[in-house]
Amino acid sequence: MSNLDLVAQKAKEVLLLALDVDGVLTNGMLYYDEHGGESKRFSVRDGMGLKLLQEAGVEVAIISGRRSLALSRRAHELGIVLLFQGIRYKKQLLAQLLQNKGLDWPQVGYMGDDINDLACMEAVGLPMAPADAACEVLAKALFVAQKPGGLGAVREACELIIKAKGQWHTLAQSYFSQ
C-alpha cells in the first residue's frame with residue numbers, strides 16, 4: 001500500500017479532528033499592543049474547511065497550551081464547542097475526550113506543529129503537520145500539508161478527510177447552488 005493510500009484510509013476513519021492553535025490555526029506569531037492586548041491572525045480558508053468538515057459529520061476539537069480571547073471568538077464563530085485552552089498535557093485531555101465521546105485513537109486526526117504536540121500525534125490514527133512544523137513533528141506526521149500553519153494547512157487537512165469520506169463533491173456543490 002502506498003503512503004497516499006494509507007493516508008486516505010486513515011482519513012476515512014476520522015470522526016474527530018483535534019488541532020493545536022499557534023503554528024497550526026495561526027502562523028505562530030503573537031501580536032501584542034502597547035496596552036497588553038493580544039491578537040492572532042486566522043485564515044478564512046481554514047475556517048471554511050472546518051465548517052465543511054463539521055457538515056461532513058466530523059467533530060472538531062481545539063487544544064491550546066495558551067489562553068486567548070481571540071481564539072475563543074474564532075471557535076465560537078466556527079461553531080466549535082470543543083475548545084480547551086491553557087492545556088499543558090494535551091494527550092491526557094484528548095484521552096478523556098475520547099472516552100467521553102466513545103471514540104478510539106484510530107478515529108482521531110491531530111494536527112500539531114511543535115514538540116508539545118508529539119504525544120498526541122503518536123497516539124492518533126492520522127497525525128498531521130503544517131509544512132513549517134518542527135522537524136521532530138514532520139518526522140511523526142503521516143500527512144504533511146503543503147501550506148504552512150495559519151495559511152491553509154488546516155484547510156488541506158479538512159479537504160483530505162472530506163474527500164476520503166467521499167463527501168467533497170456533495171458539500172462543495174451545495175455552495176454552487178445557492
Side-chain angles (χ1 to χ4, degrees), residues 14-56 58-101 103 108-124 126-138 140-141 143-162:
V14 170
L15 297 176
L16 173 72
L17 175 63
L19 302 166
D20 176 44
V21 178
D22 296 319
V24 174
L25 280 169
T26 75
N27 64 0
M29 301 292 183
L30 299 175
Y31 303 94
Y32 297 107
D33 65 26
E34 64 274 7
H35 305 290
E38 176 184 299
S39 63
K40 293 179 183 280
R41 187 175 91 175
F42 297 96
S43 165
V44 295
R45 289 191 182 105
D46 285 348
M48 182 61 158
L50 290 166
K51 296 290 278 184
L52 289 167
L53 189 65
Q54 291 173 89
E55 288 180 35
V58 176
E59 285 192 275
V60 177
I62 296 174
I63 307 172
S64 179
R66 303 183 74 251
R67 293 186 182 277
S68 165
L69 292 175
L71 175 59
S72 296
R73 178 177 175 187
R74 186 64 174 146
H76 178 73
E77 288 174 351
L78 296 173
I80 298 171
V81 296
L82 300 175
L83 172 62
F84 306 94
Q85 299 189 68
I87 306 301
R88 180 171 178 155
Y89 300 107
K90 297 178 182 183
K91 184 180 174 189
Q92 291 175 359
L93 179 123
L94 191 52
Q96 185 63 50
L97 181 60
L98 294 179
Q99 184 177 357
N100 293 346
K101 295 276 181 192
L103 297 173
V108 180
Y110 185 92
M111 182 173 269
D113 73 306
D114 214 334
I115 59 173
N116 61 332
D117 297 307
L118 287 172
C120 289
M121 292 181 67
E122 290 173 347
V124 300
L126 182 58
M128 299 177 284
D132 60 340
C135 61
E136 297 89 350
V137 172
L138 293 172
K140 295 289 182 187
F143 172 77
V144 177
Q146 294 180 8
K147 304 272 187 184
L151 295 171
V154 170
R155 174 64 175 260
E156 287 182 47
C158 293
E159 285 190 25
L160 168 75
I161 295 166
I162 296 167

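Sequential numbering from 1 along the given sequence is applied to the chain's residues. Keep in mind that this is a model prediction, so the values were computed, not measured.
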Check against side-chain contact (heavy atoms from CB on, under 4.5 Å), Val137 and Met121: CA-CA 8 Å; Val137 172; Met121 292 181 67; 3.4 Å; yes
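- Other residues, nucleotides and ligands place more than 12 heavy atoms under 6.0 Å from the OH atom of Tyr31.
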Candidate pair Ser72 and Gln85, rule side-chain hydrogen bond (donor to acceptor under 3.5 Å, both in side chains), full reasoning: CA-CA 9 Å; Ser72 296; Gln85 299 189 68; 2.8 Å; yes
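- Gln99 contributes no side-chain N or O that, together with a main-chain N or O of Ala95, makes up a donor-acceptor pair within less than 3.5 Å.
- Applying the salt bridge (Lys or Arg N to Asp or Glu O under 4.0 Å) rule to pairs touching residues 144-158 yields Arg155-Glu159, sequence neighbours excluded.
- What you find for Ala131 and Val144 is that their closest heavy atoms are CA-CG1, 4.0 Å.
- Across Leu151 and Asp46, no two heavy atoms sit closer than the pair N-OD2, 4.4 Å.
- The number of heavy atoms from other shown groups lying within 6.0 Å of CD1 (Ile115) does not exceed 12.
- Taking 4.0 Å as the cut-off between side-chain N and carboxylate O, Asp117 and Lys140 do not count as a salt-bridged pair.
- For Leu69, the CG atom sits in a loose shell: 12 or fewer heavy atoms of surrounding residues, nucleotides or ligands are nearer than 6.0 Å.
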Derivation of the side-chain contact (heavy atoms from CB on, under 4.5 Å) call for Val58 and Ile162: CA-CA 9 Å; Val58 176; Ile162 296 167; over 6 Å; no
Audit row: Asp132, Asn27, side-chain contact (heavy atoms from CB on, under 4.5 Å) steps and yes/no: CA-CA 9 Å; Asp132 60 340; Asn27 64 0; over 6 Å; no
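- A salt bridge (Lys or Arg N to Asp or Glu O under 4.0 Å) check over residues 74-86, counting only residues at least two apart or in different chains, returns the pairs Arg73-Glu77, Arg74-Glu77.
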